[in-house]
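This report refers to the structure that appears directly beneath it.
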Amino acid sequence: LSATSSGPRSMAKHRRSLQSVRRAARGRSPSAKNGPGPLTVNVGITGHRACLLTTNLVDALEPIVEEVFRTLRDAASAIEADPEFPDSLDFRLHTPLASGADQIAAKSAHAAGYHVSAILPFVAEEYRNDFEGPELDEFEGALDAAHEIVALPGARSDPVDAYVHV
């Protein structure tokens with residue numbers, strides 16, 4: 001609202017304008033009754049491996065990451081509550097599920113009701129070679145919990161390229 005706007009007429013005009021912007025962002029015209037489906041909020045996470053994160057740091061990060069996912073969900077849910085947008089919201093996390101930051105995010109996203117997509121640089125059988133011992137067990141658990149697994153066509157002969165594409 002501008003400093004010169006005042007009164008209920010100005011507020012109604014602003015509300016209609018905001019609704020038009022939201023519709024346009026969703027690919028809907030103001031007169032459209034059936035939209036393209038749910039509004040999808042996509043989040044991508046890739047971060048430091050567990051070997052670079054101390055236990056104290058992980059303990060401090062987990063509640064912060066959980067709060068970020070909850071806050072994003074709550075903020076986006078305001079759109080869903082708008083009677084002009086009856087479509088549902090779809091929340092998705094895309095991550096390669098490496099030990100450390102990726103798995104912290106995946107666990108938090110699951111808790112907040114997000115759809116978790118594992119985006120792997122190689123087929124899962126090859127990517128498993130990046131992990132050993134407890135890290136492999138944690139990766140297997142995170143992979144089993146993922147709603148979707150997408151293996152990119154990376155090659156071990158060019159690992160930098162494979163990881164950059166994630």
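Since the structure is predicted, the reported quantities are computational estimates derived from the model, not experimental observations.
Residue V65 comes nearest to A105 through the heavy atom pair CG1-CA, 4.0 Å, listed as atom of the first residue, atom of the second, then distance. Nearest heavy-atom pair across E138 and S99 is OE1-CB, 4.4 Å. Here the closest heavy-atom approach between residue A155 and residue A162 is recorded as N-CB, 4.1 Å. In this structure, A109 and L93 approach most closely via the heavy-atom pair CB-CD2, 3.6 Å. Nearest approach of G113 to R73, heavy atoms of both residues: O-NH2, 3.2 Å. The two residues A101 and I45 have their closest heavy-atom pair at O-CG2, 4.2 Å.
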Which atom pairs, donor and acceptor, lie under 3.5 Å between side-chain atoms of residues 120-127 and protein residues at least two apart or in another chain?
residue : atom : partner : partner atom : Å
E126    : OE2  : R156    : NE           : 2.4
Y127    : OH   : P96     : O            : 3.2

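One side chain, E67 or T71, offers a donor N or O that lies under 3.5 Å from an acceptor on the other.
The distance from atom CG of D102 to atom CD1 of I119, rounded to the nearest 0.5 Å, is 11.5 Å. A distance of 11.0 Å separates CD1 in I64 from CG in D59, rounded to the nearest 0.5 Å.
Cluster membership check: F139 does not share its hydrophobic cluster with V150, using side-chain heavy-atom separations under 4.5 Å among Ile, Leu, Val, Met, Phe, Trp and Tyr. V68 and F91 are members of different hydrophobic clusters when ILVMFWY side chains are connected at heavy-atom separations under 4.5 Å.
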Audit row: D130, R128, salt bridge (Lys or Arg N to Asp or Glu O under 4.0 Å) steps and yes/no: CA-CA 5 Å; D130 285 12; R128 283 181 178 92; over 6 Å; no

Trace of the side-chain contact (heavy atoms from CB on, under 4.5 Å) decision for V41 with L72: CA-CA 9 Å; V41 177; L72 182 57; 3.9 Å; yes

Candidate pair V116 and H110, rule side-chain contact (heavy atoms from CB on, under 4.5 Å), full reasoning: CA-CA 7 Å; V116 176; H110 278 294; 3.6 Å; yes

Candidate pair F131 and E140, rule side-chain contact (heavy atoms from CB on, under 4.5 Å), full reasoning: CA-CA 10 Å; F131 311 101; E140 292 289 352; over 6 Å; no

H94 vs N42, side-chain hydrogen bond (donor to acceptor under 3.5 Å, both in side chains): CA-CA, chis, key distance, verdict: CA-CA 7 Å; H94 307 279; N42 289 292; 2.8 Å; yes

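Proximity of H147 to R92: side-chain heavy atoms (C-beta onward) are nowhere separated by under 4.5 Å. With contacts defined as side-chain heavy-atom distances shorter than 4.5 Å, the pair F69/D74 does not qualify.
Crowding of H165 atom NE2: a count of heavy atoms from other residues, nucleotides or ligands under 6.0 Å not exceeding 12.
For D137, the salt bridge (Lys or Arg N to Asp or Glu O under 4.0 Å) criterion is met by no residue, not counting sequence neighbours.
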